[in-house]
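Data first, discussion second: the structure below is written as structure tokens.
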Amino acid sequence: MKDIYEDFDRAVCLRGEGRAKKETQWLKVVYGFNEPQLPNNVSSPNFSRIFATNTTAFELLVLKRKIMGPCWLQIKNPQVDNKGVSCTRTIVNHRENIREIVCATARIWSNIDIDDPTPPEALPCTVRTFVRPLDRFPPNFEVRASGNGKGLISPMKNERMLLNSLLVTIHRADPDVIVGHEFLGVSLDVLLHRMRELKADHWSRIGRFRRSRWPPIGRQGTNLRFLSGRLLGDLASDGAKDMITSTTWSLTEMCKTHLKSDRQDIDPDDTASYFDGGVSSPERLLTFVRHCELDAHYQMALAAKVQILPLTRQLTNLAGNSWNKTLNGGRAERNEYILLHEFHRLKYVCPDKLWGKKSAVAAKAENEDGDAEGGKTTKGKRDKYKGGLVFEPKRGLWDKYILVMDFNSLYPSIIQEYNIDFTTVESVEVDADGEEKIPEPPSSEVPQGVLPRLIATLVNRRRQVKSLMKDKKATPAQLLQWDIKQMALKLTANSMYGCLGFEYSRFYARPLAALTTFKGREILTHTRELAESMQLDVVYGDTDSVFVNSNVTELAEALKISAEFKKAVNDRYKLLEIDLDGIFQRLLLLQKKKYAAVKVEDGSRTSTEVKGLDMKRREYCVLSKTVSQYVLEQILSGEATEAVVERIHEYLTTIGEDVRGGKIKLDEFIIFKRLGKNPEDYPDAKSQPHVQVALRMKARGLTARAGDVIPYVFCIGEGGETAKTAQADRAKHPDEVRRSSDELKIDYEHYLAHQILPPIERLCEPIEGTDRARLAECLGLDPNRYRSAAESEERYFGTLDSLMSDAERFKDAEPFLVRCRSCRGQVAFAPISDRESSLLLPSGPACPACQSALGTASLQVQLETQIRGHIAKYYESWTVCDDPTCGNRTRMMGVYGRRCLRQGCRGTVAFEYSDATLYNQLRFYLSLFDAEKAVKTSTGSKADEVKALVDLQGDFLRTMAATAEKYLNQSGRRWVQLSTLFSFMKM
DNA sequence: GCCTGGAGCGC
DNA sequence: GTCTAAACAGGCGCTCCAGGC
């Protein structure tokens, strides 16, 4: 080995385990890439540890030269001239199960400026399509092709000539960027295999790197190297999927949602029929060619629409990695590079890239697992840490203004606020149970760490860009560019946290990630407590947000409350900031992470926001989503319950009829499901509909790989309705159904029972006046089958509850204590039917001690004060350990779930004052003023007495009952168990 | 009936 | 005229469904 002495660096070894371990001197040795690579675990008497033996040339170049993203490099003799963007499209045919190329379109834009917002259709481009016959061209095809309008159509004799001509075209255009859809995984794969098979001339011209020998054609992403020197923008790559909102990322869907264009789908099995040379007219083949031409356009138009090139360039400039990786890869590498640049600049030695089977950290974790508890095999999944806090939602339909308050960029802000960094946080201890503790944030004297400073820089730059955008004189092009820039800055700052917890990251630092989320939970808990202390009701919250019930119907008032709350929260932090994210006029809160709301837009406009509901998921068909949409609109309409319920029932009846009557199009029945692995790798392939469909697709020569979204439709089994064909077997690809011409029939009953009913049922759960059986009946399903266990169970509980005596039910409730203003005495308010002890006389409430009259207003205030006391107690969130030997009582939230925090204790903790206790207490108060109940529970001569009293003091009782009711209405439990409540009321 | 694991969302 | 090898990969929380015992 040729050692070249260079210099000594002051360096810190980062181990990715919290605080950097050693600050010491290292010897830097530089040697060429022509030397063999040293193993990274060698040592000798002269040195104990060696780093960076496997650093790639790319990494070294980029770090040493401080190259931040795409730029021109002068290397000896620069040869940069041609600028162009091209877009190729191949349609693939299969014959004897080998996919061949029959048609390829190249659409070439020259001298495009990627920052120019002009859409590609408004820019000049050349179109050239190469097409070859399967057997022979239809008559007149060549003549008609030469007269084609804009696009040049070049009929080719065979596939090899087609490939050669395509390669010449690519070579001449020498594109910097190739845009495609599923290009890397499908088109390129076929192109490479066919070029190799047919020995195409100058095959390496597909890229800019001259080769004569074929390297192995790898799988999926590895083939990017064939395009060396060109960028690939693949609309279906992981990188692009992050940027494009879509459920399937099929070209047709994206054209519809992003370009508002209806793309015609061609069934791949029909391809051959377009090439039939025996027909009399060339029209069909021309249609096919034009389809290819148009697809090439769509791909480019989509890329421009979602601004994939400018955005990825900005991201790459920030991170200093390779643009192609930003375009086609995930986020981890960007993060790695931004930190590599930063630490390299500060003369740190960074952790080596560990590739291969297992990273050292993961292997270590596995060993510990084995040692600690023999039987516990946490296969595959490593020890995790806790994430964001999600409040138990107060379910139901809310119709006062709900303020959605959320922290801006919570995690990046926490990292700054608490100076969380590799260099500042002390490494963690492992407690007696072998569990990692959450580290402490550094004290305020510790200088700012690398990560917090990096994030601060990103945030500040974003602020600057946003202020530029306020300039009235800015052109639309400038605005767009700045918007992309601020977006890139935000994305970069926000993705820093994620990679701290990513176990294969070179900067993996689980304790830092755990500390960040711990602070997040703490902050959210405090925020809720603050709201409660301001008499505000928090209805829900998730990670960085609280949904506050303003309890007002005036927008201006709601805004005032929001401003006050915002100020109160923000006063508590240096740079952490909460803000009003939106105002809901109505909110249907169904589950954690599942709700729908009518959102107030500026002025009087409103929009509907749906989160997490079935209708947002791809495995529900369009029909199901449409029905959900209608039902939701009704529920959120704000109209009377009876009218809403009636309309829903009516609508469902028509839907049931329409479905059975065959009035709904096939497209509306398509269900989508993603393949988690390659279809062959499923152990239970038989029971998975989408896997069955995928396997059949592959048998037909189509592609279906891990990550692909598979469309299918449930059909009736071949042997008729009664056939016991497995569910999965009856799933068919939409093209199979279309082709079958009536042989395959859609299983309408299955759709009504499994796709339509369950989502509707969940939407209607908090709505009175309907239930599962009733909804099923409307759809024409047998209601008896849907009188669910859950429902009867609920009734069972309802009955139990109503049979329970008041004495039993309220045995733990605290009495309503009434204080007399005259004699200062205090007495419990007894049930009014208890004529001996009740302080309510026919003349009105009076003090039993001094006989002075008690004012209604005074009693009302006293009741309200006591109710608020209970609510406050509930929100204090004291938890108690269930282990009697421990008895730990705390308000601290455990980091590892509900484990008791006291060292060595194995108990679990529960809320001391539960929501059930609070609910029962409120019900108790209400029961004290329930006239009807008082009459019913009285017997004999007393009944008349009580009846007379109730008549005379009706106003008083109603006022007091309303006071209790007001709070009960806010209680989440009431919405869940309306039936229980009503059985009690009507008893 | 319980438990477990994917999907696919939310943040 | 050549041109290592190997090459995936943000986090956790939550609901719902299906399958296994």
Side-chain angles (χ1 to χ4, degrees), chain A residues 33-37 54 56-57 209-213 215-216 218-225 228 237-238 242 247 325 328-336 353 355-357 359 362 379-382 384-393 406-407 409-411 491-492 494-505 507-510 512-514 516-517 520-521 524 540-545 581 590-595 609-620 672-677 682-684 686-691 706-707 709 727-728 754 758-759 762 789 897:
Chain A
F33 273 86
N34 48 345
E35 302 287 350
Q37 180 185 313
N54 62 348
T56 61
F209 190 58
R210 291 286 156 268
R211 296 172 201 266
S212 59
R213 257 212 333 240
R219 282 198 309 273
Q220 310 214 33
T222 61
N223 292 334
L224 200 55
R225 67 202 154 121
S228 293
S237 72
D238 287 347
D242 282 348
T247 51
K325 289 291 175 69
N328 296 291
R331 256 169 286 200
E333 205 183 76
R334 289 210 305 276
N335 250 279
E336 194 176 302
K353 180 99 186 154
W355 40 261
K357 281 155 195 99
S359 81
K379 229 187 346 188
K381 276 177 185 168
R382 303 267 123 62
K384 297 264 172 76
Y385 60 93
K386 293 205 72 178
L389 179 63
V390 186
F391 294 145
E392 196 58 49
D406 77 346
F407 285 97
S409 307
L410 183 69
Y411 289 165
L491 283 172
T492 306
N494 283 343
S495 65
M496 306 298 306
Y497 151 75
C499 291
L500 291 177
F502 174 43
E503 66 178 331
Y504 295 116
S505 166
F507 296 93
Y508 179 44
R510 190 174 50 188
L512 299 189
T516 308
T517 57
R521 291 190 297 278
L524 195 65
Y540 177 61
D542 183 346
T543 308
D544 62 353
S545 66
D581 186 56
L590 294 180
Q591 293 282 22
K592 285 180 172 179
K593 301 185 190 279
K594 288 176 190 237
Y595 59 86
E609 195 166 291
V610 178
K611 290 287 161 71
L613 301 187
D614 299 320
M615 54 194 282
K616 292 282 267 189
R617 309 186 124 237
R618 66 160 76 100
E619 71 261 35
Y620 287 91
F672 296 94
K673 206 157 225 174
R674 215 184 111 242
L675 287 170
K677 27 183 176 264
Y682 279 84
D684 55 344
K686 282 193 292 289
S687 61
Q688 307 254 32
H690 64 304
V691 179
V709 178
Q727 179 101 313
H754 294 97
R762 287 189 273 269

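Convention: sequence-line order gives letters A, B, ...; per-chain numbering from 1. Below, all heavy atoms of this structure are taken into account, side chains as well, without hydrogens, waters or symmetry copies.
In this structure, A/F209 reaches neither bases nor backbone, as no heavy-atom distance under 4.0 Å exists between it and the strands shown. At a threshold of 4.0 angstrom between heavy atoms, the contacts of A/Y682 are confined to the sugar-phosphate backbone, with no base atom among them. Among the protein residues, A/R674 comes within range of the sugar-phosphate backbone only, with heavy atoms under 4.0 Å from sugar or phosphate atoms but none that close to a base. Heavy atoms of A/A513 sit nowhere under 4.0 angstrom from any nucleic acid atom. Within the 4.0 angstrom heavy-atom criterion, only backbone atoms of the sugar-phosphate kind lie near A/G387; the bases stay farther away. A/S212 comes within 4.0 angstrom of sugar-phosphate atoms only, judged by non-hydrogen atoms across all strands, and of no base.
Summarising the geometry, the separation between CE on A/M615 and P on B/dG8 is reported as 18 Å, rounded to the nearest angstrom. Separating the CZ atom of A/F672 from the P atom of B/dG6 is a distance of 24 Å, rounded to the nearest angstrom. Following rounding to the nearest Å, A/D544 (CG) and C/dG11 (P) show an atom-to-atom distance of 19 Å. Atom CG of A/L224 is separated from atom P of C/dA9 by 11 Å (rounded to the nearest Å). Atom CG of A/D242 is separated from atom P of C/dG10 by 8 Å (rounded to the nearest Å). One atom, CZ of A/R225, and another, C1' of C/dA7, lie 9 Å apart when rounded to the nearest Å. Rounded to whole Å, atom C1' of C/dC12 lies 8 Å from atom NZ of A/K384. Rounded to an integer number of Å, the gap from CZ of A/R331 to P of C/dG10 is 7 Å.
Secondary structure note: stems in DNA chain C built from 3 or more consecutive Watson-Crick or G-U wobble pairs under 3.5 Å occupy B:1-11 with C:11-21.
Residues satisfying the salt bridge (charged side-chain N to carboxylate O under 4.0 Å, His left out) test with A/D406, not counting sequence neighbours, are none. Evaluation of the side-chain contact (heavy atoms from CB on, under 4.5 Å) rule for A/S687 yields A/D684 as partners, not counting sequence neighbours. Scanning for salt bridge (charged side-chain N to carboxylate O under 4.0 Å, His left out) contacts around A/D581 gives an empty result, with sequence neighbours left out. Under the salt bridge (charged side-chain N to carboxylate O under 4.0 Å, His left out) criterion, A/K611 pairs with A/E609, sequence neighbours left out. Checked against side-chain contact (heavy atoms from CB on, under 4.5 Å), A/F502 has the following partners two or more places apart in sequence or in another chain: A/A332, A/Y504, A/S505. For the side-chain contact (heavy atoms from CB on, under 4.5 Å) test, residues two or more places apart in sequence or in another chain that qualify with A/T492 are A/L315, A/L318, A/I338, A/L458. Under the rule for a side-chain contact (heavy atoms from CB on, under 4.5 Å), the partners of A/D238 that lie at least two apart in sequence or sit in another chain are A/K241.
OP1 and OP2 of C/dG10 both lie 4.0 Å or more from every side-chain N or O belonging to A/Y385. At B/dA7, none of the side-chain N or O atoms of A/R618 fall inside 4.0 Å of OP1 or OP2 (strictly under the cut-off).
With rounding to the nearest 0.5 Å, the separation of OH in A/Y497 from CG in A/L410 is 10.5 Å.
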- Taking protein heavy atoms under 4.0 Å as touching, what does nucleotides 14-21 of chain C look like 5' to 3' if B marks base contact, S marks sugar-phosphate-only contact and - marks none? SSSS-S--
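Within 6.0 Å of NZ on A/K677 lie more than 12 heavy atoms contributed by other residues, nucleotides or ligands. Dense packing is recorded around NZ of A/K592, with more than 12 heavy atoms of other residues, nucleotides or ligands lying under 6.0 Å away.
Closest contact between the side chain of A/K611 and the listed nucleotides B/dG10, C/dG11, C/dA7 involves B/dG10. When the nucleotides C/dA9, C/dT2, B/dA7 are ranked by their closest atom to the side chain of A/R213, C/dT2 comes out on top. Counting only heavy atoms from C-beta on, A/E619 has its side chain closest to B/dG8 among B/dG8, C/dC3, B/dC11.
Aromatic stacking of A/F502 on C/dA9: not satisfied for centres closer than 5.5 Å together with planes under 30 degrees.
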